[in-house]
Amino acid sequence: MERQITCINCPVGCRLQVTVEDGQVTKVEGQSCKRGEIYARQECIAPARMVTAAVPVADRKTPVSVKTRTPIPKEQIFPCMQQLAQLTLHAPVHMGDVVLSDVCGTGVDVIATKTVE
């Protein structure tokens with residue numbers, strides 16, 4: 001099966017032609033760097049994304065920004081957002097604090113990306 005995807009690893013946005021056979025990437029064409037090939041292989045077999053969001057902090061007007069420590073499977077994005085929507089944090093929250101462990105059973109933690117005193 002042939003797939004055409006656009007690489008999102010850099011501003012060039014290479015158009016990649018990817019051949020997938022029996023659940024394996026057998027050929028990648030169109031990339032201008034090694035990152036494009038790595039991206040194509042991952043995207044066509046097990047797509048994953050970083051998730052960023054804002055979570056309210058009790059008694060504060062400003063929420064705290066959060067992100068997954070590493071990318072999670074693409075199909076877990078909406079369940080992850082649902083779990084985050086149920087959170088209310090309590091100050092102080094420091095940059096790097098784990099605000100949600102093992103989101104959706106992925107083994108990936110959600111961490112604060114800023115400090116709220």
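Along the sequence shown, the residues carry numbers beginning at 1.
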- Applying side-chain contact (heavy atoms from CB on, under 4.5 Å), name anything that partners A58, two or more places apart in sequence or on another chain. T88, H90
- Item | Contacts of R60 that satisfy side-chain contact (heavy atoms from CB on, under 4.5 Å) - sequence neighbours left out | V57, A91, V116
- Message: Restricting to side-chain contact (heavy atoms from CB on, under 4.5 Å), what partner residues turn up for E75, sequence neighbours left out?
- Response: P73
- When rounded to the nearest 0.5 angstrom, what is the spacing between CZ in R49 and CD1 in I72? 11.0 Å
Expected list for residues 97-114: side-chain donor-acceptor pairs under 3.5 angstrom, two or more places apart:
unit_1: D97; atom_1: OD2; unit_2: H94; atom_2: N; d: 2.8
unit_1: D102; atom_1: OD1; unit_2: T106; atom_2: N; d: 3.2
unit_1: D102; atom_1: OD1; unit_2: G107; atom_2: N; d: 2.4
unit_1: T106; atom_1: OG1; unit_2: V103; atom_2: O; d: 2.7
unit_1: T106; atom_1: OG1; unit_2: V108; atom_2: N; d: 3.2
unit_1: D109; atom_1: OD1; unit_2: D102; atom_2: N; d: 3.1
unit_1: T113; atom_1: OG1; unit_2: S65; atom_2: O; d: 3.0
unit_1: T113; atom_1: OG1; unit_2: S65; atom_2: OG; d: 2.4
unit_1: K114; atom_1: NZ; unit_2: P63; atom_2: O; d: 3.3

- Non-hydrogen side-chain atoms of R41 and I38 separated by less than 4.5 Å: no
- Separation of D59 CG from L89 CG (nearest 0.5 Å): 12.5 Å
- Item | Partner residues of M95 under the side-chain contact (heavy atoms from CB on, under 4.5 Å) criterion, sequence neighbours left out | T115
Just list the side-chain donor-acceptor pairs under 3.5 Å for residues 5-34, sequence neighbours left out, or say none.
unit_1: T6; atom_1: OG1; unit_2: R15; atom_2: NH1; d: 2.6
unit_1: N9; atom_1: ND2; unit_2: R35; atom_2: O; d: 3.4
unit_1: R15; atom_1: NH2; unit_2: Q4; atom_2: OE1; d: 3.2
unit_1: T19; atom_1: OG1; unit_2: E2; atom_2: OE2; d: 2.6
unit_1: T26; atom_1: OG1; unit_2: T19; atom_2: O; d: 3.3

- So, for M50 and P71, which heavy atoms are closest and what is the spacing to 0.1 Å? SD-N, 3.3 Å
- Item | Side-chain (Q42) to main-chain (A46) donor-acceptor, under 3.5 angstrom | yes
- Task: Could you pull out the closest heavy-atom pair between R3 and E43, with the gap in Å?
- Result: NH1-O, 4.1 Å
